[in-house]
Amino acid sequence: MPPAPYLALVLGVAILCQLAAYRLRVPSILLLLVAGFGLGQAVSPETVLGRDLLFAGVNLAVGVILFEGSLSLRFRDLRGLSAAVVRLCSVTVLLAWALTTLAAIVAGVEWQLALLIGALLVVTGPTVIAPIIRQLRPTRRVSSMLRWEGIVVDPIGAILAVLVFQAIIVGGPDGALATAALTLGRTVVISTVLALLFGVLLEVAMRRHLIPDFLEGVTFLAVAVGSLVISNELQSESGLLTVTMLGIYLANRPGLRLEHVREFKEHLQVLIVGALFVLLAGRVSPAEVVAVAPTAAVFVLLLLLVVRPASVALGLLGTEATRQERTLLAFMAPRGIVAAAVTSIFALEIEHAADEARSLAALGGEDARESLALEASAERLEQLVIASADLVPLVFVTIVVTVAVYGLGVGRLAERLGLATTTPNGVLFAGAPLWARQAAGLLTELKVPTLLVSLAPAEVAQARMAGLRVERTHILSEYAVEDMELAGLGSLVAATHDDDTNSTAAREFGHALGQSNTYQLRRQGESLPKRSQPRDRSGGGGGTLSEAKAKQQTASKLTAQVAFSPPMSAPELDTATREGMQVRKTRLTAQHTLDDFREREPDAVLMFVVQDGVATVVTPRSHLPQEGATLVALVHAR
């Protein structure tokens, strides 16, 4: 198959798998790996693209993924967690390396390769952590620890693997230690210098507005790729650390606005991750998986039940992490694209090293002693090549099993620990007027989490007196947008008296909750939601009704869905409550259906429908059940 149709097929399969995973609520990586494995049996990626091009592309793509992830790592997220995160990225890594190596040896892996596998599998990675966090939506503390570990440990694992690999190739403890120390020193120095150099250049360019908005994303992408390549040229596999440090530096510069960059990188990352998993899974054959299955079964079982729990328990001992957080982290270590990519690269490098050793042995040394040493080295590397044949399928099986176990099982564990929910159905209210407090109280009684956000002291005090969860802050404050706890919340109702604040809040929280789950009250002066307004098709000249409204009403892209049926503005809702209307809940049954309720309460404002523990915001376009649900509505008090 020609490269162009093959790449188009890979991208199509990748997107379809991620769409299906979203609908099925399963980790997308599982479907990507299965699809890639199947596609690879029909068309090998190496046959179409060539090995050198494939691995060059994989290396660049992994660097872009780590750069995108590191742009979200802010030091302020570590408040109260700094010691735990430092331990996760240092002590826990070393413990995991040692224990994973022992597990591989117990499973029957040759000890040198066991050391390499141990280094490769200390990583988790943003490609597997981010989708799980997106679906699970855990507390901010747990999310911060998982994201920092997943992103920071990836380059550490790659560098550790480089050190182990070079020690294996060199052979002998003295030469190995010296080579490892030199490599580590060069890697850290080169990565730090390049990250600071490119970081400062980008920061200066951004602050002086030298880069137009529409070029920010591609400029940052070009700089990240350039720094990765330069770093790798100066020191093998140092580029991942360079781009990670570059992203962290930029993410923590005060006043540096990177919204355009983050949005561009997020979309690019989704595409790259899908394509990479499909391509790399296609390199593994069924025969290889079957051959490694017994070893993999023992190895993965030890990883799940011993290595991760022990390394987290010992590594986080005495830190700020709670017992529940440590328990969740102990059973949350899926392996991702970095493990797959770096393993494939090192399997190839071992073959190259063996070829070079054979060539040197054929040429012979200056004396018999040197010739014998060259022959011994070549023989040792030949044996290593044979032993490393199972390296890629073993890591492939590990990725599949860990993603399946952690991705499918962590939700129940997180819910039992009170750290997340797999079905976030709570309601966030921007503003806390009387009707919102009444609605929040009824939703709480129905086991639906709620959070009220208001700066008004009276509203906050009354909400607290009612036993409601409330935050005293502005809905658009930096705390609310960046740091406020959203675990368990699935939708937003922007209900302040400022329509522009409501629109902005709906757009902002749409990033976390999804645009389809953000709502605002009807804007003052607009009788109907904009999307419900009929278009003027008269074809007449200027001055038509639609043109007049187009000049007066807010652009639809700047507004959110209009909440409630019929839609009402904030002043109208306040007036209704002052005149005696109250928010009440009504159970819809066969004896008292929705139609019966509408007939009895013709002036009611329908707000929420709670069915099977899930709260849905009612809109003018909602299709409501006649029975089997609880209706929360503003009605006349009787």
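Sequence positions, counted from 1, serve as the residue numbers for this chain. The structure presented is a predicted model; accordingly, all values stated were derived computationally and were not measured.
- Between the CD1 atom of Ile190 and the OG atom of Ser227 there is a distance of 13.0 Å, given to the nearest 0.5 Å.
- The distance from the CG atom of Leu146 to the CD1 atom of Ile151 is 10.5 Å, given to the nearest 0.5 Å.
- In this structure, a donor-acceptor pair under 3.5 Å is absent between the side chains of Thr187 and Ser238.
- A donor-acceptor distance shorter than 3.5 angstrom exists from the side chain of Asn232 to the backbone of Gly239, with no hydrogens or angles considered.
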List the steps, then state whether side-chain hydrogen bond (donor to acceptor under 3.5 Å, both in side chains) holds for Ser70 with Thr244.
CA-CA 6 Å; Ser70 61; Thr244 302; 5.3 Å; no
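- Annotation: side chain of Phe37 is not in contact with side chain of Val400 (no heavy-atom distance under 4.5 Å).
- Annotation: side chain of Arg140 is in contact with side chain of Leu486 (closest heavy-atom distance under 4.5 Å).
- One finds a salt bridge joining Glu149 and Arg308 here, because a Lys/Arg side-chain nitrogen approaches an Asp/Glu carboxylate oxygen to under 4.0 Å.
- Atom-to-atom distance recorded for Leu304:CG and Phe331:CZ is 9.0 Å, nearest 0.5 angstrom.
- You'll find the side chain of Ile117 reaches within 4.5 Å of the side chain of Leu394, heavy atoms only.
- Remark: side-chain polar atoms of Glu216 are not paired, donor with acceptor, to backbone N or O of Pro212 under 3.5 angstrom.
- In this structure, the side chains of Leu250 and Phe220 come closer than 4.5 Å at one or more pairs of heavy atoms.
- In this structure a side-chain-to-backbone donor-acceptor pair under 3.5 Å is missing from Thr242 to Leu228.
- For the atom pair CZ (Phe396) and OG (Ser285), the distance works out to 10.0 Å, reported to the nearest 0.5 Å.
- A donor-acceptor pair under 3.5 Å is absent between the side-chain atoms of Asp390 and the main chain of Ala291, judged by distance alone.
- Annotation: side chain of Met145 is in contact with side chain of Leu329 (closest heavy-atom distance under 4.5 Å).
- Residues Leu66 and Pro155 are in side-chain contact: their nearest non-hydrogen atoms beyond the backbone lie under 4.5 Å apart.
- Side-chain atoms of Asn252 do not come within 3.5 Å of backbone N or O of Leu71 as any donor-acceptor pair.
- Between the CG atom in Leu163 and the CG atom in Leu116 there is a gap of 11.0 Å [rounded to 0.5 Å].
- A side-chain donor-acceptor contact under 3.5 Å links Thr100 to the backbone of Ala96.
- Within the 4.5 Å cutoff, side-chain heavy atoms of Val164 are placed close to those of Trp97.
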